[in-house]
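Each chain gets a letter, A, B and so on, in the order the sequences are listed, and its residues count up from 1. Note that the coordinates shown come from a computational prediction; the quantities given were computed from them, not determined experimentally. The basis for the numbers below is simple: all heavy atoms, side chains too, and nothing from hydrogens, waters or symmetry mates.
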There are 2 protein chains.
Amino acid sequence: MKNRPYHHGDLPSELLARAERTLREKGSGALSLRELARDIGVSPAAPSRHFKNKQALLDALALNGFERFDEAVAASQEGVGESFGERLDAMARAYVDFAVANAALLDLMFSVKHSLEASEALGAAAHRWSEQFLGLIAEGQRRGEVRKGPVERVALPVFAALHGYADLTVSGMLPPEMTAYGLDDVVASVLRQCGPE
Amino acid sequence: MKNRPYHHGDLPSELLARAERTLREKGSGALSLRELARDIGVSPAAPSRHFKNKQALLDALALNGFERFDEAVAASQEGVGESFGERLDAMARAYVDFAVANAALLDLMFSVKHSLEASEALGAAAHRWSEQFLGLIAEGQRRGEVRKGPVERVALPVFAALHGYADLTVSGMLPPEMTAYGLDDVVASVLRQCGPE
DNA sequence: CCACATTGTTGGCGTTGCATACATTGTTAT
DNA sequence: ATAACAATGTATGCAACGCCAACAATGTGG
């Protein structure tokens with residue numbers, strides 16, 4: 001047990017919290033362990049007790065991101081209609097909302113450079129989220145609203161479209177006027193692509 | 001027109017070339033101006049004559065990436081059949097091939113942090129590429145193989161799917177066995193979604 | 001109360017990005 | 001030619017960074 005703090009209160013949590021704030025405000029490149037320590041009011045080397053190096057902190061941030069992403073997606077499915085269309089739309093919207101609200105974090109989550117051990121944990125977190133997604137598709141199939149076939153193979157193009165749209169939005173590659181109807185168009189296309197027959 | 005070099009031979013080009021090599025080999029985080037200068041054999045401050053800071057070099061790298069991406073996509077359309085399906089498939093394959101062959105570079109190209117002026121140049125480069133893409137869709141419409149509608153709105157979901165699949169592949173979020181049929185499935189889905197019905 | 005592990009501090013090392021001042025080389029006008 | 005000038009590369013220094021090792025303080029369990 002004992003996750004009670006020793007000296008500071010709860011350095012690891014506060015490190016993550018502050019790190020995410022500066023991530024949001026100034027981008028992932030501007031993240032400095034020393035500055036973090038300074039802001040919190042501990043010595044420059046203190047963070048290293050909890051994150052053995054900078055990459056480890058970034059990994060933890062990404063992992064945390066996946067978990068919150070997971071929750072946001074799950075939450076989007078509550079209190080929404082049962083049709084595949086409605087559920088997909090809600091999930092897509094949650095996806096993109098999370099993406100724009102956490103642009104730099106998403107960059108981090110889907111970036112290439114993660115340590116090997118971290119990659120496993122991240123893979124697991126990503127897997128948990130993909131389970132939700134596959135569940136949605138599978139249920140659509142059960143209801144006859146989604147065409148038949150191996151669920152992962154039906155899901156992949158849908159996943160790609162959502163992720164791609166979110167990524168394009170975040171990286172600012174979309175003309176602003178498109179954000180008005182872009183997601184609607186993507187969801188509509190996905191529905192057309194998924195439909196049975 | 002004097003693009004002949006002064007002292008070194010052609011520092012800017014060699015900087016870009018070496019930078020891209022280490023980008024490919026060790027990731028964008030491991031890129032150091034000083035190390036670059038050291039490798040090339042010039043003084044630590046020499047690069048600053050051509051790229052006022054590190055970000056400027058990264059921007060140039062991204063811009064260069066878009067140009068080569070542009071070429072690769074254009075090349076993919078030569079000597080391929082005229083049907084929309086074939087052309088789309090060729091373009092998708094060029095997209096993904098470029099992505100996996102230049103993972104870190106793609107990360108850079110679509111990353112969030114670009115200086116404002118660079119963003120304009122990058123936007124222009126991305127625009128040139130999107131023109132090709134829109135052309136493909138428009139031709140598909142002309143041939144009656146793609147459903148009608150404003151070309152950008154028809155294109156966006158297609159673009160999103162391709163980009164998303166490429167990004168997922170690059171960031172290693174796809175189970176390896178999926179890479180075998182993943183792209184085929186995505187292209188097939190896109191075709192289904194685009195069809196005139 | 002005493003080992004002992006956990007957490008935080010201090011100080012230092014090598015590296016980095018960047019700015020400034022200076023030296024060298026090419027260009028161009030006279 | 002040669003003198004002004006711009007373009008390019010060098011030398012040096014600074015503050016900040018990540019990381020490491022040695023040490024101090026604090027809590028935990030026998």
Q) Out of curiosity, A/Leu162 CG to A/Arg93 CZ, how far, rounded to the nearest 0.5 Å? A) 11.0 Å
**Q.** Between C/dG8 (P) and A/Glu14 (CD): distance, integer Å
**A.** 11 Å
(Q) Output the rounded distance in Å from NZ (B/Lys26) to P (C/dT15). (A) 13 Å
Q. Between C/dT9 atom P and A/His50 atom NE2, what is the distance in whole Å?
A. 10 Å
**Q.** Candidates D/dC19, D/dT10, C/dT7 - which lies nearest the side chain of A/Arg49
**A.** C/dT7
Q: Let me know the distance between CG of A/Leu15 and P of D/dG18, rounded to the nearest Å.
A: 12 Å
Q.
Using heavy-atom distances to pick each residue's nearest nucleotide on DNA chain D, tell me which of A/Ser32 and A/Ala45 is more 5'.
A. A/Ser32
Q: Using whole Å, report how far CG of B/Leu33 lies from P of C/dG17.
A: 5 Å
Q) Among all residues two or more places apart in sequence or in another chain, which pass the ring pair (Phe, Tyr, Trp, His ring centres under 6.0 Å) test with A/Phe84? A) none
Q: Nearest whole angstrom, please: distance from the C1' of D/dC19 to the CZ of A/Phe51.
A: 16 Å
Q: Can you figure out which of C/dT15, C/dG17, D/dG9 approaches the side chain of B/Arg38 most closely?
A: C/dT15
Q. Less than 6.0 Å separating the ring centroids of B/Tyr95 and B/Phe69?
A. yes
Q: Report the nucleotide, chosen from D/dT8, C/dG17, D/dG18, that has the shortest atom-to-atom distance to any side-chain atom of B/Arg34.
A: C/dG17
Q) How close or far is atom P of D/dA21 from atom NZ of A/Lys52, stated in whole angstroms? A) 14 Å
Q: Would you jot down, in residue-number order, the residues of residues 54-63 of chain A having a non-hydrogen atom under 4.0 Å from DNA chain D?
A: A/Lys54
Q: Name the orientation class of the two ring planes belonging to B/His163 and B/Phe110 (parallel below 30°, tilted from 30 to 60°, perpendicular beyond 60°).
A: tilted
Q) So which heavy atom on A/Leu105 is nearest to which on A/Leu23, and how close? A) CA-CD2, 3.8 Å
**Q.** Exercise: identify the closest heavy-atom pair between B/Leu57 and B/Leu36
**A.** CD1-CD2, 4.4 Å
Q | Protein-nucleotide distance (B/Glu35, atom CD; D/dC17, atom C1'), rounded to Å | A | 16 Å
Q. To the side chain of B/Ala46, which of D/dT10, D/dC19, C/dG17 is closest?
A. D/dT10
Q.
Tell me whether B/Gln141 contacts the main-chain N or O of B/Arg147 through its side chain, where contact means a donor paired with an acceptor under 3.5 Å.
A. yes
Q. How would you label the contact of A/Ile40 with the nucleic acid (heavy atoms, under 4.0 Å): base, sugar-phosphate, or nothing?
A. nothing
